**Q** 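There's a structure below that I have some questions on.
What you see is a predicted model; the values in this text were computed from it and never measured.
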Amino acid sequence: MPLLQTQIDAALATHKGLILDASDITFTDSMFLTMLLATHQRSVLRIVNPSPRLARLLSIYGVDRVLHIYPTLYAARAA
């Protein structure tokens with residue numbers, strides 16, 4: 001997780017938003033969920049095509065109602 005946080009920090013140092021392609025995410029935990037929410041609070045975070053596992057986790061915790069989730073990269077870019 002520290003590597004992903006480092007990459008997020010680097011991207012946000014030069015951009016006001018971030019698009020995360022979540023289609024290949026197969027494992028998540030509370031640290032990952034916390035990182036998503038923290039990133040959402042400090043920038044414009046758009047999550048694209050979350051894997052079924054991630055989508056289920058986001059739904060269980062109600063986070064899918066807070067985060068900006070898009071079915072495609074094109075839709076996220078157009079938003």
Side-chain angles (χ1 to χ4, degrees):
M1 205 74 62
L3 177 60
L4 180 56
Q5 185 64 60
T6 300
Q7 292 173 335
I8 288 171
D9 293 341
L12 294 180
T14 57
H15 303 284
K16 70 176 188 171
L18 177 72
I19 296 176
L20 174 66
D21 180 352
S23 59
D24 289 332
I25 295 174
T26 58
F27 174 79
T28 58
D29 60 10
S30 61
M31 283 182 56
F32 180 74
L33 192 55
T34 300
M35 184 176 53
L36 286 181
L37 291 169
T39 303
H40 170 75
Q41 288 180 332
R42 65 187 254 225
S43 69
V44 177
L45 173 63
R46 296 179 182 134
I47 300 173
V48 175
N49 191 23
S51 66
R53 232 177 222 185
L54 178 58
R56 184 166 190 264
L57 177 76
L58 297 176
S59 175
I60 287 170
Y61 288 101
V63 178
D64 59 337
R65 290 175 278 172
V66 175
L67 298 175
H68 305 287
I69 302 172
Y70 300 89
T72 65
L73 182 58
Y74 178 78
R77 285 182 175 165

**Q** Could you tell me whether the side chain of Leu54 reaches within less than 4.5 Å of the side chain of Phe32, counting heavy atoms only?
**A** yes

**Q** Verify the cluster assignment for Ile69 and Tyr61: are they in a single hydrophobic cluster under the rule of side-chain heavy atoms below 4.5 Å apart?
**A** yes

**Q** Could you tell me whether a side-chain N or O of Arg42 sits under 3.5 Å from a main-chain N or O of Leu12, the two making a donor and an acceptor?
**A** no

**Q** Can you give me the closest heavy-atom contact between Arg46 and Ala76, atom names plus distance?
**A** CD-O, 3.2 Å

**Q** What is the distance from atom NE2 of His40 to atom CG of Leu36, rounded to the nearest 0.5 Å?
**A** 10.5 Å

**Q** Main chain of Thr26, side chain of Ser51: is a donor-acceptor contact present, judged purely on distance under 3.5 Å?
**A** no

**Q** Would you compute the distance between atom CD1 of Ile19 and atom NE2 of His68 and round it to the nearest 0.5 angstrom?
**A** 12.0 Å

**Q** Would you find a donor on one side and an acceptor on the other, under 3.5 Å apart, between the side chain of Thr34 and the backbone of Ser30?
**A** yes

**Q** Please round to the nearest 0.5 Å and tell me the distance separating atom OH of Tyr70 and atom CD1 of Ile47.
**A** 10.5 Å

**Q** Give a yes or no on whether Ile60 and Leu33 share a hydrophobic cluster (residues Ile, Leu, Val, Met, Phe, Trp, Tyr; joining criterion: side-chain heavy atoms under 4.5 Å apart).
**A** yes

**Q** Working to the nearest 0.5 Å, report the span between CD1 of Ile25 and CG of Asn49.
**A** 10.5 Å

**Q** Calculate, to the nearest 0.5 Å, the distance between atoms CG and CG belonging to Leu4 and Leu20 respectively.
**A** 7.0 Å

**Q** When clusters are formed by joining ILVMFWY residues with side-chain heavy atoms under 4.5 Å apart, either directly or through shared neighbours, do Val48 and Val63 land in the same one?
**A** no

**Q** At what distance, to the nearest 0.5 angstrom, does CZ of Arg77 lie from OG1 of Thr72?
**A** 10.0 Å

